[in-house]
Protein chains: 2
Amino acid sequence: MNATATNSADSYSISELAQEFGITTRTIRFYEDKGLISPERRGQTRVYSPEDRVRLKLILRGKRLGFSLDESREIIDMYDPAHGNVEQLNRLLQRIESKREQLRQQQRDIEKVLAQLDEATARTQAALQEHSN
Amino acid sequence: MNATATNSADSYSISELAQEFGITTRTIRFYEDKGLISPERRGQTRVYSPEDRVRLKLILRGKRLGFSLDESREIIDMYDPAHGNVEQLNRLLQRIESKREQLRQQQRDIEKVLAQLDEATARTQAALQEHSN
DNA sequence: ATTGACGTTTACGTTAACGTAAACGTCAAC
DNA sequence: GTTGACGTTTACGTTAACGTAAACGTCAAT
C-alpha cells in the first residue's frame, strides 16, 4: 500500500537511504566497510535502523565540513555514553575541546571568505556598470 | 643583518613560506604545478611576492574549509578584476552566490556539530561524576 | 676543495574515498 | 519461465593531494 515503506517497522533499505541522501549504494557499503555503520541483516540483505540513518546523516555533515571519515567517526563516537575510565574520559574531553577549536577556526575562515565574496560581488557589479556606459 | 629577510625587497623564498605556513616546499611546488601560484624566477630559483603569499594563505584557508584546490582557485579568481563580457560577469555573480550558499550551509553544519560537542561534554562530565562516587 | 644548507627537476609511491564492472542470487510480475 | 528491479560479493580502476627518493646545481663557510 506504500511505495517507499515496504517493511514492517522503522527501517530502511540501502537504496532508500541512497536516494534520500543523494549518494550511491556503493558509498553506503563503503562506509560499512570502514566501520562507520553496522546495519542488521535480514538474510543477506542489509536493514537500516533510524540510528543507522542518523549516523549516515552525521557522516555527510562531516563531509561537508571537509572532515575525513575517521574524523567523522571520532565525532560520532564522542556522542555515545563514554564507557571508559577517568583517564579516558579526560582524554575525550581534550579531543572534544580540540574539535571545538577547529570548528571555531572554520567559522572564522568562513567569515573571511564571505567578506571576500562580498567584495567580489561589488567589483563584479562595478564591472557590469562599465558595460552599461 | 637579518636572518629571515635575505633579499632586497618584499619577497620570500620557498622555505620561508613553507615554514611560516607549516607546509613543505613540495606542497608549494605542487600548487605551482596546479597553476595556483606563479612566482617569479631569479635564475632557477623561485621568488615569491607578497601577492603570492596572499594566494597561498587563501589556498590554505580553503583547505581548512574542505575545499579542493580547484574550488580554492575558483574563489581566488573571483577576487581579481573581472575582465569578461556581461554574460560572463553575470555567470560570475551566479557562482559567487552559489559559493555563498555553500558557506552558509557550512555555518549551519558547524552550529549543529558544536551543539553535539556540548552534549558530548555534558555526558562525559556526567560519566566522570559517576567515577567520583 | 669539501661540507652543509638550500635550491632545482624528474619520477615513482601512497592514501582516501569512492566508481565501475562482473557475476551472481531472489523475488514479484507478466 | 523469463524479464526486471533490487540486492549481494569481489575486485580492479581512478582522482586528488601530496610524500619520498634520487640525482644534481650553487653558494657561503670551514
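Chain letters run A, B, ... following the sequence lines, proteins first, then strands; residues in each count from 1.
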Pairing string of DNA chain D (Watson-Crick or G-U wobble, both atom distances under 3.5 Å; | = paired to other strand) is ||||||||||||||||||||||||||||||

Which residues pass the side chain to side chain donor-acceptor pair (under 3.5 Å) test with [X], sequence neighbours left out?
X: Glu51(B); answer: Ser49(B)
X: Glu101(B); answer: Arg104(B), Arg108(B)
X: Thr24(B); answer: Thr27(B)

Would you tabulate the side-chain donor-acceptor contacts of residues 58-66 of chain A under 3.5 Å, counting partners in other chains and residues two or more places apart, or write 'none'?
residue, atom, partner, partner atom, Å
Arg64(A), NE, Asp109(B), OD2, 2.6
Arg64(A), NH2, Asp109(B), OD1, 2.8
Arg64(A), NH2, Asp109(B), OD2, 3.4

Check residues 30-40 of chain A and write down every donor-acceptor pair under 3.5 Å in which the side-chain atom is one partner and the other belongs to a residue at least two apart or another chain.
residue, atom, partner, partner atom, Å
Glu32(A), OE1, Arg46(A), NH1, 2.7
Glu32(A), OE2, Arg41(A), NH2, 3.4
Glu32(A), OE2, Arg46(A), NH1, 3.4

Does [X] have any salt bridge (charged side-chain N to carboxylate O under 4.0 Å, His left out) partners at least two apart in sequence or in another chain, and if so, which?
X: Arg100(A); value: Glu97(A), Asp118(B)
X: Asp77(B); value: none
X: Arg53(A); value: Glu20(A)
X: Arg55(B); value: none

Heavy atoms of other groups near Gln19(A) CD, more than 12 under 6.0 Å | no

The contact string for nucleotides 13-18 of chain C, one letter per nucleotide 5' to 3', using protein heavy atoms under 4.0 Å with B, S and - for base, sugar-phosphate only and none, comes out as ----BB

Distances for protein N or O near nucleotides 5-8 of chain C N or O, under 3.5 Å:
residue, atom, partner, partner atom, Å
dG7(C), OP1, Ser13(B), OG, 3.3
dG7(C), OP1, Ser15(B), N, 3.3
dG7(C), OP1, Ser15(B), OG, 2.6
dG7(C), OP2, Ser15(B), OG, 3.0
dT8(C), OP1, Arg46(B), N, 3.1
dT8(C), OP1, Arg46(B), NE, 2.7
dT8(C), OP2, Arg29(B), NE, 3.0
dT8(C), OP2, Arg29(B), NH2, 2.6

